[in-house]
Amino acid sequence: MPDWPDLLAPVEQVAPRLLGALLRHDGVAVRITEVEAYAGTDDPASHAFRGPTRRNATMHGDAGHLYCYFTYGMHVCANVVTGEPGVASAVLLRAGEVVEGVDLARTRRGAVPDDRLARGPANLCRALGLGLADDGSPLDGSTGTRLALTDPGPGGTGVRRGPRVGVRTGWATPWRWWYDGDPTVSAYRRHPRADAAVPGLEPGPQQGP
DNA sequence: AAACAGATCTACT
DNA sequence: GTAGATCTGTTTT
C-alpha cells in the first residue's frame with residue numbers, strides 16, 4: 001500500500017483523511033463523502049469488540065483491505081481496514097458521489113435520484129456492485145484491477161464531525177465525518193434502541209442532528 | 001440444529 | 001421527520 005502509509009495511524013486520524021478518496025469497482029467510481037471510524041477491540045460499537053470471529057476476521061488482518069459484512073438480512077456494507085494486524089480497526093464508508101459509471105450505478109440501484117445512488121453504506125455497496133464476496137480484497141489493485149482506492153491527497157474543507165449513525169453502544173463518540181452540505185451524505189439516525197449516553201472514547205465537541 | 005441480532009432502507013404521514 | 005419491515009449470515013447450543 002505505498003500510497004497509504006498513514007493507514008497504520010490511529011483510525012480516528014485515518015477516517016477523515018479518506019474523505020474525497022476515489023473508490024472504484026467494476027465500472028463505477030465513487031468519491032467518498034462520509035465515513036465513520038471503528039476502533040477494533042477498544043470500541044464497544046465495533047464488530048471486533050468481542051474478539052475475532054469468522055465474520056470479522058478481515059478486520060484483524062492487514063490494513064488496506066476491504067471488510068465487507070452482511071446485515072439486516074439484505075444489506076452489505078464496506079470498510080477500509082486500518083492499523084497493524086490485530087488492532088482490528090476500520091473505516092466504514094457511509095456515502096459517496098458517483099463520479100464514474102453513473103448509468104451502471106443507476107441500473108444497480110433502480111429509480112432513485114442521482115444524489116442518492118451511493119447515499120448510505122448499503123446503498124454505496126449496491127451502486128459499486130460490492131458484495132460479501134469482496135470481503136478481504138486488497139484495495140491497491142494488486143490482485144487485479146476490479147477494485148482500487150485512490151488517495152485524493154491533502155485538502156478537504158468544510159468537513160464536519162458528529163456521532164456515529166445507527167450504533168447501539170458508543171454512539172456518542174463523534175467518529176463520523178462528512179462534507180458539510182453535500183447532498184450525497186446520508187441523514188443522521190440514532191439507533192432505535194440506543195443505550196443511554198455514556199462517556200465516549202473521545203468526549204468533546206460534537207455537531208450532529 | 002436453532003436462535004439471534006443487526007454500523008439499514010424505504011415508504012409513508 | 002418518523003415509523004416499521006425484514007431475513008440471512010453468524011453465533012451459540
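Quick note on labels: first sequence line is chain A, next is B, and so on, each numbered from 1. For the numbers below, each heavy atom of this structure counts, side chains included, while hydrogens, waters and symmetry mates do not. Since this is a predicted model, take the numbers as computed values, not measurements.
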Engineer: Write down the distance separating the P atoms in dA7(B) and dT12(C), rounded off to the nearest Å.
Structural biologist: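 Going atom to atom, P in each nucleotide, I get 15 Å.
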
Engineer: For R109(A), answer base if it contacts any base atom (sugar-phosphate contacts may also be present), sugar-phosphate if it contacts only those atoms, and nothing otherwise; contact means non-hydrogen atoms under 4.0 Å.
Structural biologist: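 It contacts sugar-phosphate atoms only.
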
Engineer: What nucleotide among dT8(B), dT6(C), dA7(B) has an atom nearest to a side-chain atom of M74(A)?
Structural biologist: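 Selected nucleotide: dT6(C).
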
Engineer: OP1 or OP2 of dA7(B) versus the side-chain N and O atoms of R189(A): is any pair under 4.0 Å?
Structural biologist: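 Answer no for this pair, as no side-chain N or O of R189(A) is under 4.0 Å from OP1 or OP2.
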
Engineer: Taking the ring centre of each residue, are F70(A) and H75(A) less than 6.0 Å apart?
Structural biologist: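 No: the rings miss the under 6.0 Å criterion.
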
Engineer: How many Å lie between OH on Y188(A) and P on dG1(C), as a whole number?
Structural biologist: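 Atom OH in Y188(A) sits about 14 Å away from atom P in dG1(C).
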
Engineer: Out of T58(A), N79(A), D135(A), which residue meets the side-chain contact (heavy atoms from CB on, under 4.5 Å) rule with Y69(A)?
Structural biologist: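 Single pass found, and it is N79(A).
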
Engineer: Would you say N123(A) places a side-chain N or O within less than 4.0 Å of OP1 or OP2 belonging to dT10(B)?
Structural biologist: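 So the side-chain polar atoms of N123(A) do come within 4.0 Å of the phosphate oxygens OP1 or OP2 of dT10(B), strictly under.
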
Engineer: Atom CE of M59(A) to atom P of dA7(B): distance rounded to whole Å?
Structural biologist: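 So the CE-P distance, M59(A) to dA7(B), works out to 11 Å.
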
Engineer: If you only use heavy atoms from C-beta on, which nucleotide in dT8(B), dT10(B), dT11(C) is closest to the side chain of R54(A)?
Structural biologist: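 Selected nucleotide: dT11(C).
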
Engineer: Under 4.0 Å between a side-chain N or O of R168(A) and OP1 or OP2 of dG6(B)?
Structural biologist: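 For R168(A), the contact criterion (side-chain N or O under 4.0 Å from OP1 or OP2 of dG6(B)) is met.
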
Engineer: Whether the R109(A) and N123(A) side chains hold a donor-acceptor pair (N or O, under 3.5 Å, no angle test) is what I'd like checked.
Structural biologist: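 Yes.
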
Engineer: Check the distance between dG6(B)'s P and H191(A)'s NE2 and give it to me in whole angstrom.
Structural biologist: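 The distance from NE2 of H191(A) to P of dG6(B) comes to 6 Å, rounded to the nearest Å.
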
Engineer: Between dA7(B), dT10(B), dT11(C), which one does the side chain of L92(A) approach most closely?
Structural biologist: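 Nearest to the side chain of L92(A) among the choices is dA7(B).
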
Engineer: Output yes when D182(A) and R31(A) qualify as a salt bridge under the 4.0 Å nitrogen-oxygen rule, no when they do not.
Structural biologist: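 Salt bridge between D182(A) and R31(A), a charged N being under 4.0 Å from a carboxylate O: yes.
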
Engineer: Checking base pairs now: Watson-Crick or wobble, both atom distances under 3.5 Å. What partners dA11(B)?
Structural biologist: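 Its partner is dT2(C).
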
Engineer: Could you tell me the separation between the CZ atom of R55(A) and the P atom of dG9(C), rounded to a whole number of Å?
Structural biologist: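 Distance check: R55(A) CZ to dG9(C) P gives 12 Å.
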
Engineer: Nearest-Å distance, CZ (F70(A)) to P (dG6(B))?
Structural biologist: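 My rounded result for the distance is 15 Å.
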
Engineer: From the set dC9(B), dG9(C), dA7(B), return the single nucleotide nearest to any side-chain atom of A122(A).
Structural biologist: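 Ranking dC9(B), dG9(C), dA7(B) by closest atom to the A122(A) side chain puts dC9(B) first.
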
Engineer: Kindly say whether, by distance alone, the side chain of Y69(A) makes a donor-acceptor pair under 3.5 Å with the base of dA7(B)?
Structural biologist: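 Check passes, donor-acceptor contact within cut-off.
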
Engineer: How long is the line joining CG of L130(A) and P of dA7(B), in whole Å?
Structural biologist: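 To the nearest whole Å, that distance equals 19 Å.
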
Engineer: Take atom OH of Y72(A) and atom P of dC4(B), then tell me their distance rounded to the nearest Å.
Structural biologist: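 To the nearest whole Å, that distance equals 17 Å.
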
Engineer: Measure from CD1 on I32(A) to P on dA7(B) and round the result to the nearest Å.
Structural biologist: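 Taking CD1 of I32(A) and P of dA7(B), I get 19 Å after rounding.
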
Engineer: Which value, rounded to the nearest 0.5 Å, describes the distance between H65(A) atom NE2 and D134(A) atom CG?
Structural biologist: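 So the NE2 of H65(A) and the CG of D134(A) are separated by 13.5 Å.
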
